[in-house]
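Heads up, the thing below is written out as structure tokens.
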Amino acid sequence: MSPQTGALDQAAFDELATDDLDAALALLADLSGATDPRLRALARQLAGRVVIDLAAPVSREGRGSAGRLRTTRLPDTGGDLDLDASLGPLIEARAGGRPPSVDDLRGRWWAERSLALCLVVDRSGSMGGERLATAAVAAACLALRAPDDHSVLAFSDRTLVLQRQGGLRSTDEVIGDLLSLRGHGTTDLAGALHEATVQLARSRAHRRLAILLSDGRPTAGDDPIEAARSLTAVGELAVLAPHDDAEEARALAESVGGRCQPVTGPSSVPAALAALFAR
């Protein structure tokens, strides 16, 4: 992969990605922390391109079926007359020998069901290449699915806001920050969920969803179930958990009516998120 200082062997990477995409992404994530600045920059640049390509299909999930037919005052819609809903005022106007008031008529239009997302990444304990790559792919998926209404948090004993809700930072910048994370501190899960609540509360979307990337096992802070219940006042909670260590994450999600999707590596993230978005 690195034949000489500050270089990457693209052909070697492509071969590894064909054989084992998760291993290739994990290696890139590890190289993104290399001491050589040129190698680090090349690894982060390549990782950004790969994860965005991997996440791209998620941006199309649910499009075309995410709206619903709404009815309201005709002047407010810019849509078509809803004859059934307007029948009463039309009959009354005709009986009175006068034209109907436009304010009494009802119109119909398709309104898109908007979606706000908040990614909450557990960075406590060990934060190796596969975990970094998994977080990066998840962040790319959220940025593509809700480009104008998403946030990204990373937490251990404290919570970092890498992208505030509706913020203007580029996806490349956020992915770069995630790839630079290293394991640190205890796990204040409740604190992270409280911050996710704050972020989602800033959105006016019809559906607001916090996605926790964690095994759901706190080692510090308040009761995460109480924090999760507070979050449900503004949105939903879903968890992406390691497939071989998902029991506590599943229990946390189910305690507030949420869902838990197991992930086996970075390449499994898009399908897991698509299932959560489709709910």
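One is the number of the first residue; the rest follow in order along the sequence. Side chains included, hydrogens not; waters and symmetry mates left out as well; all remaining heavy atoms used.
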Would the distance check show the side chain of [X] and the main-chain N or O of [Y] forming a donor-acceptor pair, the cut-off being under 3.5 Å?
X      : Y      : value
Ser124 : Gly185 : no
Arg208 : Thr197 : no
Arg131 : Gly183 : no
Ser203 : Gln199 : no
Ser32  : Leu179 : yes
Arg217 : Glu248 : no
Arg40  : Ala34  : yes
Ser156 : Arg123 : no

Give a yes or no on whether [X] and [Y] share a hydrophobic cluster (residues Ile, Leu, Val, Met, Phe, Trp, Tyr; joining criterion: side-chain heavy atoms under 4.5 Å apart).
X      : Y      : answer
Phe277 : Leu240 : yes
Leu273 : Val137 : yes
Leu160 : Leu132 : yes
Leu212 : Leu142 : no
Val234 : Leu209 : no

Taking the side chain as everything from C-beta on, heavy atoms only, tell me whether [X] gets closer than 4.5 Å to [Y].
X      : Y      : answer
Ile225 : Leu252 : yes
Leu54  : Leu25  : yes
Gln165 : Asp149 : yes
Leu153 : Cys118 : yes
Asp172 : Ile52  : yes
Glu195 : Ser151 : no
Thr187 : Asp215 : no
Asp122 : Phe155 : yes

Would you tell me whether Thr186 and Asp157 have side-chain atoms, one donor and one acceptor, within less than 3.5 Å of each other? no

Please check if the number of heavy atoms outside [X] that lie under 6.0 Å from its [atom1] is greater than 12.
X      : atom1 : result
Arg49  : CZ    : yes
Arg182 : CZ    : yes
Asp222 : CG    : no
Glu15  : CD    : no

Kindly compute the distance separating [atom1] ([X]) from [atom2] ([Y]), expressed to the nearest 0.5 Å.
X      : Y      : atom1 : atom2 : answer
Leu193 : Thr159 : CG    : OG1   : 8.5 Å
Leu231 : Glu236 : CG    : CD    : 9.5 Å
Arg202 : Arg204 : CZ    : CZ    : 15.5 Å
Asp148 : Leu115 : CG    : CG    : 12.0 Å
Cys141 : Ile211 : SG    : CD1   : 9.0 Å
Leu28  : Leu46  : CG    : CG    : 4.5 Å

Quick check: closest heavy atoms across [X] and [Y], and the distance to 0.1 Å?
X      : Y      : result
Ala140 : Thr171 : CA-CG2, 4.3 Å
Pro262 : Cys260 : CD-O, 3.9 Å
Leu117 : Ala146 : CD1-CB, 3.9 Å
Val120 : Ala192 : CG1-CB, 3.7 Å
Ala154 : Leu181 : CB-CD1, 3.8 Å
Glu130 : Thr264 : OE2-O, 3.8 Å

So, Glu226 and Arg229, do they make that salt bridge, N to O below 4.0 Å? yes

